[in-house]
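For reference, the structure discussed in these notes is given below.
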Amino acid sequence: MAVDNTSSVTEFILAGLTDQPGLQLPLFFLFLGFYVVTMVGNLGLITLIGLNSHLHIPMYLFLFNLSFIDFSYSSAIIPKMLMSFVSKKNIISYSGCMTQLFFFCFFVISESFILSAMAYDRYVAICKPLLYTVTMSPQVCVFLLLGVYVMGVWGAIAHTGNILFLTFCAENLVNHYMCDILPLLELSCNSSYMNTLVVFTVVAIDIVVPIVAIFLSYGFILSSIFHISSTEGRSKAFSTCSSHIMAVCLFFGSGIFAYLKPPSIIPLDQGKVCTLFYTIVVPMLNPLIYSLRNKDVKIAMKKTLGRITFS
């Protein structure tokens, strides 16, 4: 029975993180906890920004979208992953696998570009404060967000389309906790050099372009900060960037760590343990970073809690 002209596989089995029975239940509750914190943190930040008018500025518009992206791509991965801990065979249909791959790629690529848009916003705020309102006008913000999601769609279509052209003959065990690009490439019986080249070309564009934009922005920011004469001025400038710098380091740092696959973590195939931090822990930490290190967010949280208590 075939799903189309290119593949005889109608469903895949996701191997999950481990096949050790004693670890299944503890891991289920651990990642369920991660998921709950991720949902509460990101939805809470989205709600705070939506309810507080003083946060309706470009910086928090981008943070709103970052939280939406983190919430969404966690939801594309973790619920299916949790099933692998409580079911003997975690089965996903061919179309379900391709759908998960598409949305995972879309949201991860969108996150890399939203972080670069946030870096540009910080550059304008610190290096061109008098022109900030004009430079970061609502039209410019909409244009930047449109670019973020267009690049996400483009990257997701490129990766998913590349996989859709592959043939899966008989083997259907994906050695991962999700439908990821490289495990599916390895599973295919006709993947070629060109398929691999497409993957690395798209990944290079979607990682290198945002990283270059972020480095350039912070190069100008540092130059501008060093020209500030007062210590208080420098401290204030650094504090406006600290949360974003931490988010960038976590996202791109963990992504690089995952792809390099350090020797100490190689025993689990496909670098599954490496990608855990990149795909699950980072979306959980982002709202905590912005909530705990951002004065405006803390003020908005107190006001909102105060209104709820008063009501």
Please test M83 against L14 for side-chain contact (heavy atoms from CB on, under 4.5 Å), starting from the C-alpha separation and ending with a verdict. CA-CA 10 Å; M83 288 181 65; L14 298 174; over 6 Å; no
Evaluate side-chain contact (heavy atoms from CB on, under 4.5 Å) for E186 paired with N175, printing each intermediate quantity in order. CA-CA 10 Å; E186 285 193 6; N175 195 5; over 6 Å; no
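In this structure, N90 contributes its side chain and K80 its backbone to a donor-acceptor pair below 3.5 Å. In terms of modelled atom types and a separation under 3.5 Å, the side chain of S93 and the main chain of E11 share no donor-acceptor contact.
The ring-ring contact (aromatic ring centres under 6.0 Å, His included) analysis of residues 37-66, with sequence neighbours excluded, yields no pairs. Sorted by first and then second residue, the disulfide bond (SG atoms under 2.5 Å apart) pairs with a member in residues 199-239 form an empty list; sequence neighbours excluded. Evaluation of the ring-ring contact (aromatic ring centres under 6.0 Å, His included) test over residues 203-223, restricted to residues two or more places apart or in two chains, returns Y123-F220, Y218-H244.
Residues L55 and L48 approach most closely at CD1-O, 4.0 Å, considering heavy atoms. The minimum heavy-atom distance linking G155 with I109 is given by the pair CA-CD1, 3.5 Å. The two residues E171 and V9 have their closest heavy-atom pair at O-CG2, 4.1 Å. The two residues S67 and N42 come nearest to each other via the heavy atoms CA-OD1, 3.4 Å.
A donor-acceptor contact closer than 3.5 angstrom links the side chains of Y149 and N65. For the residue pair Y177/T279, the side-chain donor-acceptor check at 3.5 Å is satisfied.
In this pair, F34 and F31 present their aromatic rings perpendicular. The plane angle is above 60°, beyond the 30 to 60° band.
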